[in-house]
Amino acid sequence: MFKPTAGEKLVELLIEWGVDHIYGMPGDSINSIIEPLRKAQDKIKFIQVRHEEAGALAAAAYAKLTGKIGVCTAIAGPGAIHLLNGLYDAKLDKVPVLALTGQVESDLLGTDSFQEVNLERMFDDVAVYNQRIMSAEQLPAVVNQAIRTAYARKGVAVLTIPDDIPRFEVGKEARVTSSFTAQQEILPLKEDLQRAKDLLNAAERPVILAGRGTHGIRETLLGFAEKMAAPIVLTLPGKGAVPDKHPYCLGGLGLIGTKAAYEAIQDTDLLLMIGTSFPFTGFLPEHTKTIQIDIDPYQIGKRYPVDVGLAGDAGLTLNWLMENVSANENREFLEACQETMQNWWSRLEKQEEVDSVPIKPQRVIRALQEVAEEDAVLSVDVGNVTVWMARHFHMTHQKMIISSWLATLGCGLPGALAGQIAYPDKQVFAICGDGGFGMTMNDFVTAVKYQLPIVVVVLNNHKIAMIKFEQEVMGNIEYGTDLQNPNFAKYAEACGGVGYRVEHPEELLPAFQEAVKQRKPCIIDVVVDADEAPMPANITFAQAAGYTKHMLKVLFEEGKIDLPPL
Ligand SMILES: Cc1ncc(C[n+]2csc(CCOP(=O)(O)OP(=O)(O)O)c2C)c(N)n1
Ligand SMILES: [Mg+2]
């Protein structure tokens, strides 16, 4: 009778779970996993990445985009170590990822063998499930449990597989378990809903702070906002939950935020936090009544004092509240917020039209906006580039992903690879700074290899500009912030893609228009102004004081000063 090897069984189970691709770099300790993957390539595709970190970041991005588990693999030792950054991105953004790593042969473990690293200990902090496979018979049940745990606990499962095990046959004594995970719908306690209802009925100026947990409930959220006459402020991971230009939307909060959002949050008499554990609590009001809705009770009241916690599904909870609260007839506060927001948009539009050289980063986002289709995927890297995208790009139905909580540089390109694999027919953009792109740019050739027609936009200011401003606001002089870059357009061509180098504003839109028609991997290398400051909507005294100190240092230590134009 045919008995599969443990490697074959592993691949069979991945397919049963609906996994259709896996990112990785083959090598010694996983060759016995790669061989069954080769045999099953019509059902599960192996995407060979050039750096395991890009593979893990892509797996995390795939999970963020689709809700399905992202899978990556790496050899023992160095390959496994390279996965860590992407796995932490998945952990911090709470998405399911499975990492399969090799390990030295079972009978060599613990002998300081070649490439032996204590992987269970190394992955201990990042993983919600972390097991070394001990036998071929153990493997099937553990694979099922690993994937189930990653889904149920929204995190990373790691299976460390000693080199010999995938080659053994799985005997009939192996336990048979289920390859699926059950779903649930959760409503908060009745008495908590009742208390929330009372607070809402008494509120005159309610404001909604909507986070990642509000994706997919757009109509409910807007219906609720309308009934409560409550403007909606979005966290960065919440961007796209409602269209940015919707009359109820006041844009983002914090350093990336808008004046309207900042003021609304300061003036509100009832803050309703939905699906967010907003970390920048300095931007939240000091004393105001607060309701927090989150599917996970662990998040409620964690960072900010709340009066009522509603532990439940955001959509179901809002539906209950909508049916039970009375409408807020007073729309004055909402209308005042809307007016401030209109002014804010006009201010941003003016910034987007400036035609100086070097090009203003805001103008690049405007060009992107003009070519991006309604269902495009936008993978945004970390840096000032994040601020420009968060503020200037008006989402309608696009999907945007970023490394929200780890904020790791280099997430942009891997996210775009995953986006194009998940949605072969959609436009997919990576929007990166030169610092961020530089961290994972070697995997641009992966897009070329697998014919993934992503468009990478590099806002090239020859600087890690966000850090320059951080240093200056602290009162220091920038140091270690200049970047020596290649010509990224020529790099694209050298990799077999298409490159555009843009140095003047009038070349910008034509480059974008051509790039999206190529259906080939492209890089648009835009030389942008490094001195364009991502000014927050409100400037604190400490920031202003710090900046003044920086200016004085430049004057006294370097004898020069560039005052910003009035
Ligand atoms: C892996 C990693 N290293 C360092 C940082 C700190 N960091 C945050 S933003 C940034 C600069 C980003 O520069 P760039 O990509 O050129 O974008 P810009 O700010 O110039 O638009 C750095 C170094 C980080 N977030 N992640
Ligand atoms: Mg830069």
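Just follow the structure's listing: the first ligand is 1, and inside any ligand the first atom is 1.
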Next on the checklist: Taking salt bridge (charged side-chain N to carboxylate O under 4.0 Å, His left out) as the cut-off, I'd like each qualifying pair that reaches into residues 490-502, sequence neighbours left out, listed once.
Outcome noted: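 Residue pairs with at least one partner in residues 490-502: Arg501-Glu503, Arg501-Asp525.
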Checklist entry - What pairs of residues pass the salt bridge (charged side-chain N to carboxylate O under 4.0 Å, His left out) test when at least one of them lies in residues 275-286, not counting sequence neighbours? => result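 Of all non-adjacent pairs touching residues 275-286, none passes salt bridge (charged side-chain N to carboxylate O under 4.0 Å, His left out).
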List ligand 1 atoms under 4.0 Å from [X], heavy atoms only on the residue side.
X: Ala407; answer: 24 (C), 25 (N), 26 (N)
X: Gly435; answer: 14 (P), 15 (O), 16 (O)
X: Val382; answer: 12 (C), 15 (O)

Quick one: nearest non-hydrogen protein atom to [atom], plus distance?
atom: atom 11 (C) of ligand 1; answer: Ile464 CB, 3.5 Å
atom: atom 26 (N) of ligand 1; answer: Leu409 N, 3.2 Å
atom: atom 17 (O) of ligand 1; answer: Gly433 CA, 3.8 Å
atom: atom 15 (O) of ligand 1; answer: Gly436 N, 2.7 Å
atom: atom 6 (C) of ligand 1; answer: Ile467 CD1, 4.1 Å

Next on the checklist: Holding to ring pair (Phe, Tyr, Trp, His ring centres under 6.0 Å), I want the full list of residues that pass it with Phe429, two or more places apart in sequence or in another chain.
Outcome noted: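 By the ring pair (Phe, Tyr, Trp, His ring centres under 6.0 Å) rule, Phe429 matches no residue at all.
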Checklist entry - Could a heavy atom of Thr408 be found less than 4.0 Å from some atom of ligand 1? => result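 Contact check Thr408 vs ligand 1: positive.
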Next on the checklist: Any atom of ligand 1 sitting under 4.0 Å from a heavy atom of Asp381?
Outcome noted: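 No, Asp381 has no heavy atoms under 4.0 Å from ligand 1.
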Checklist entry - Using a distance threshold of 2.8 Å, what protein N/O/S atoms lie below it relative to the Mg ion (ligand 2)? => result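 Near the Mg ion (ligand 2), the protein supplies Asp434 OD1, Asn461 OD1, Lys463 O.
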